[in-house]
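A, B, ... follow the sequence lines: proteins, then strands. Residue 1 opens every chain.
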Amino acid sequence: MDYFKRSRIKALLTEGKEKNDVMILGWVRTKRVSKNVAFLEINDGSGLKNIQVVIEATDIEKFNLSSINTGASVKIMGNLVKSLGKGQSVEMQPTTIELLGSAPEDYPLQKKRHSNEFLREIAHLRPRTNLFGVINRFRSKMAYAVHSFFQGQGFYYAHTPIITANDAEGAGETFQVTTLNLQKLLNADPKKGNGIIDYSQDFFASPTNLSVSGQLEAEILATALGDVYTFGPTFRAEKSNTTRHLSEFWMIEPEMAFADLQTDAKMAEMFLKYLAQYALDNCQEEMELFNKFVDKTHTRILTLENIVKSDFETVTYTDAVKILENAKKKFEFPVKWGIDLQSEHERYLTENHFKKPVAVIDYPKDIKAFYMRLNDDEKTVAAMDVLVPQVGEIIGGSQREDRYDYLERAMIKNNIPMDNEHGLGWYLELRKHGSVPHAGFGLGFARLLMYFSGVSNVRDIIPFPRTPKNARF
RNA sequence: GCCCGUUUAGCUCAGUCGGUAGAGCAAAUGACUGUUAAUCAUUGGGUCGUUGGUUCAAGUCCAUCAACGGGCGCCA
């Protein structure tokens, strides 16, 4: 095979040196033919830039150039030489061109700009465009950065289950997982049953669903390994039809033993700063494209630099409500202590008032999840939402309730089943054996990438988006 | 789930007062001394989202469903 013999185009262009007997494997982006000379632009996915292959007039027929169209895959052998034209330092003079897979003239990706909406319909081809190539490479690099940060901080990577019998936190609607034959159940004689599904016959002998969060299991591991993080898919069956919700999305959830809310907020800030610095240092090609073509204000790189430079703001929910009440802006939903902050309120805080990432802490207990630690005022909990301009909530976290009796009370109040068979008895029991203060947060990977890139629809930041009524590809 | 908008050539869109359809780009063909999403010329390409209604006549008006886009709620 040629796989190990070929050179990657990114490497050839980065070196920029003359070199003989080079092999490239890639796809034709464009072909320009004139009387005396022809050009092929080849991209192999290793980077944004194409390599230019120059074909002299006498060779146009020899290489059967008429059969090689935009989209075709080719194997080209030849020599890298200094370019005679402008726009590239080196170019390729081919000795052989082999057509591996042809592309017909109705290849959907034309030599023109396509709308993102159209490209979503051809998700099997859109990674071959400049923008989506860059997005996918950026995604990969930033995923690596996530691991790099936590591993560097001494965290262990934890794999939490995807199928689970518990509905984590009531974080949302869940996708049921079953091997029961629904058609058979539907056709069953109603006189025989009592209308109740017998889950003892199901695969796990109990109702199960796809996980909405790995947090509760991560807490188990944190109380053994100290610091852990999850980075995996989560599933929410809410019919959210917006530019920032997916039914299947990747989430990063660190969980830290011996940490309080202040530590949690500090870690979130360190994390975002690390990621911003990583993108600036290691994703220049990607950030330049985002800055130039995606972000209409061309301030994406500046935004990342500001994340690195400036300290995040921390404001209590109570103070945030005061800021909003004193704001001159009229809100569609009036602000009052005790309400959950609406999108417009969050946007005002982060975009108009602070103009940078803001951590809002200490929310009223009634609007937050049962596992968050009750503050001494008995009215608020040690919760934290990190809000960023344009995207809104990017991180949600809290210090967890580590006191047995407090947690038990909260679980009773929230109707959380506490049996050990199907309920969260084990979660409560963790507080019985060497309980420690601990805290963590969840960061939506897609929202992070939206924030850093300026891509405004979450369906363009993940290669194969799952949304209500859409699970194609 | 709610509100608003869109649906016409492969793509992006025009289409006036209801009278059977247009541009740019793309493609094909040709021209062109090194091009950079080349340029220039020519050609082909349409069940006007679905179903129904009003009308002598519907891309155009009305209803319906659907898909897509944007906003809201829920959240990450």
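- Taking the C1' atoms as reference points, B:rU60 lies 16 Å from B:rG49, given to the whole Å.
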Intra- and interstrand pairs of RNA chain B - dot-bracket, Watson-Crick/G-U under 3.5 Å, | marks other strand: (((((((..((((.....[..)))).(((((.......))))).....(.(((..]....))).))))))))....

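- Not less than 6.0 angstrom separates the ring centroid of A:His345 from the ring centroid of A:Phe333.
- Rounded to whole angstrom, the span from the NZ atom of A:Lys112 across to the P atom of B:rA26 amounts to 8 Å.
- Taking a cutoff of 4.0 Å between a charged side-chain nitrogen and a carboxylate oxygen, A:Asp260 and A:Arg400 do not qualify as a salt bridge.
- OP1 or OP2 of B:rG71 sits under 4.0 Å from a side-chain N or O of A:Thr243.
- The listed nucleotides are B:rG10, B:rC74, B:rA37; the one nearest the side chain of A:Glu238 is B:rC74.
- Between A:Val22 and A:Met77, the closest side-chain pair of non-hydrogen atoms is not below 4.5 Å.
- In this structure, the CD atom of A:Glu332 is 12 Å from the C1' atom of B:rC2, given to the nearest Å.
- A donor and an acceptor atom never sit less than 3.5 Å apart when one is taken from the side chain of A:Glu117 and the other from the base of B:rG69.
- Counting non-hydrogen atoms under 4.0 angstrom, A:Glu121 reaches nothing in the nucleic acid.
- A heavy atom lying under 4.0 Å from RNA chain B marks the following residues of residues 455-473 of chain A, by number: A:Asn457, A:Arg459, A:Lys469.
- For the pair A:Lys379 and A:Asp362, the salt-bridge criterion is not met [side-chain N within less than 4.0 Å of a carboxylate O].
- Following rounding to the nearest Å, A:Gln110 (CD) and B:rG45 (C1') show an atom-to-atom distance of 13 Å.
- Using a 4.0 Å heavy-atom cutoff across all strands shown, A:Arg120 reaches sugar-phosphate atoms only and no base atom.
- With distances taken from any side-chain atom of A:Arg447 to the nucleotides B:rA76, B:rU36, B:rG70, the minimum falls on B:rA76.
- The gap from the C1' atom of B:rG5 to that of B:rC13 amounts to 16 Å, rounded to the nearest Å.
- The pair A:Lys273-A:Glu269 meets the salt-bridge criterion, with a side-chain N (NZ, NE, NH1 or NH2) lying under 4.0 Å from an Asp/Glu carboxylate O.
- For B:rA26 and B:rG10, the C1' atoms lie 7 Å apart once the distance is rounded to whole Å.
- The six-membered or imidazole ring of A:Phe312 lies away from that of A:Phe354, with a centre-to-centre distance of 6.0 Å or more.
- The phosphate of B:rA38 has OP1 or OP2 within less than 4.0 Å of a side-chain N or O from A:Arg32.
- Nearest to the side-chain atoms of A:Gln342 among the listed nucleotides B:rG1, B:rA37, B:rC74 stands B:rC74.
- Looking at heavy-atom distances under 4.0 Å, A:Asp340 makes contact with sugar-phosphate atoms alone, never a base.
- Minimum interatomic distance between A:Val360 and A:Ala320 (heavy atoms only, all atoms of both residues): CG1-CB, 4.4 Å.
- One atom, CZ of A:Phe118, and another, P of B:rA26, lie 15 Å apart when rounded to the nearest Å.
- As rounded to the nearest Å, B:rG15 and B:rA76 have P atoms that lie 44 Å from one another.
- In summary, A:Lys239 and A:Glu173 do not engage in a salt bridge, as defined by a charged side-chain N under 4.0 Å from a carboxylate O.
- For A:Glu286 and A:Lys141, the salt-bridge test passes: some basic side-chain N is under 4.0 Å from an acidic carboxylate O.
- Going from the C1' atom of B:rC2 to that of B:rA9 covers 36 Å, rounded to whole Å.
- You'll find a donor-acceptor pair under 3.5 Å spanning the side chain of A:Ser240 and the base of B:rC74, going by distance alone.
- Checked against the 6.0 Å centroid criterion, the rings of A:Phe155 and A:Phe149 do not qualify as a close aromatic pair.
- Comparing the same atom, C1', in B:rA23 and in B:rU8 gives a spacing of 13 Å after rounding to whole Å.
- Within the nucleic acid shown, A:Leu448 has no heavy atom closer than 4.0 Å to any nucleic acid atom.
- Distance, A:Ile60 CD1 to B:rG34 P: 12 Å, rounded to whole Å.
- Nearest nucleotide to the A:Lys111 side chain, out of B:rU12, B:rA38, B:rG73: B:rA38.
- Contact of A:Glu91 with B:rG34 (side chain to base): a donor-acceptor pair of N or O atoms is detected under 3.5 Å.
- Among the atoms of the strands shown, base atoms are found under 4.0 Å from some heavy atom of A:Phe249.
- Using a 4.0 Å cut-off between charged nitrogen and carboxylate oxygen, A:Asp44 and A:Lys10 do not count as a salt-bridge pair.
- Residue order along RNA chain B, read from the 5' end via each residue's closest nucleotide, puts A:His114 first among A:Ser83 and A:His114.
- Contact annotation: A:Thr30 does not reach the phosphate of B:rA37 (side-chain N/O to OP1 or OP2, under 4.0 Å).
- The shortest distance between side-chain heavy atoms of A:Leu424 and A:Met411 falls below 4.5 Å.
- Taking the six-membered ring for Trp and the full ring otherwise, A:Phe150 and A:Phe231 have centroids separated by 6.0 Å or more.
- A donor-acceptor contact closer than 3.5 angstrom links the side chains of A:Asp295 and A:Thr299.
- Here the nucleotide nearest the side chain of A:Met251, chosen from B:rA76, B:rU36, B:rG1, is B:rA76.
- Within the 4.0 Å cut-off from OP1 or OP2 of B:rG73, at least one side-chain nitrogen or oxygen of A:Ser343 is found.
- Within 4.0 Å of A:Leu84, counting heavy atoms only, lies at least one base atom of the nucleic acid.
- One P atom belongs to B:rU20, the other to B:rA28, and the distance between them is 34 Å to the nearest Å.
- Here A:Gly442 lies in heavy-atom contact (under 4.0 Å) with sugar-phosphate atoms only.
- One P atom belongs to B:rG59, the other to B:rG53, and the distance between them is 15 Å to the nearest Å.
- There is no side-chain donor-acceptor pair under 3.5 Å between A:Tyr157 and A:Gln151.
- Residue-to-nucleotide contacts include a donor-acceptor pair under 3.5 Å from the side chain of A:Gln88 to the base of B:rU35.
- At whole-Å resolution of the value, CG in A:Leu443 and P in B:rC75 are 17 Å apart.
- Distances shorter than 4.0 Å separate none of the side-chain N or O atoms of A:Arg113 from OP1 or OP2 on B:rG24.
- In this structure, A:Asn50 places its CG atom 10 Å from P of B:rA38, rounding to the nearest Å.
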N/O-N/O pairs, protein side and nucleotides 29-31 of chain B side, under 3.5 Å:
none

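- Atoms CD (A:Glu248) and P (B:rC75) sit 21 Å apart, rounded to a whole Å.
- Which of B:rC75, B:rU35, B:rA27 sits closest to the side chain of A:Glu105 comes down to B:rA27.
- Side-chain contact, A:Glu238 with A:His245: no donor N or O sits under 3.5 Å from an acceptor N or O.
- Applying the 90° cutoff around 0 to the glycosidic angle, B:rU29 is assigned anti.
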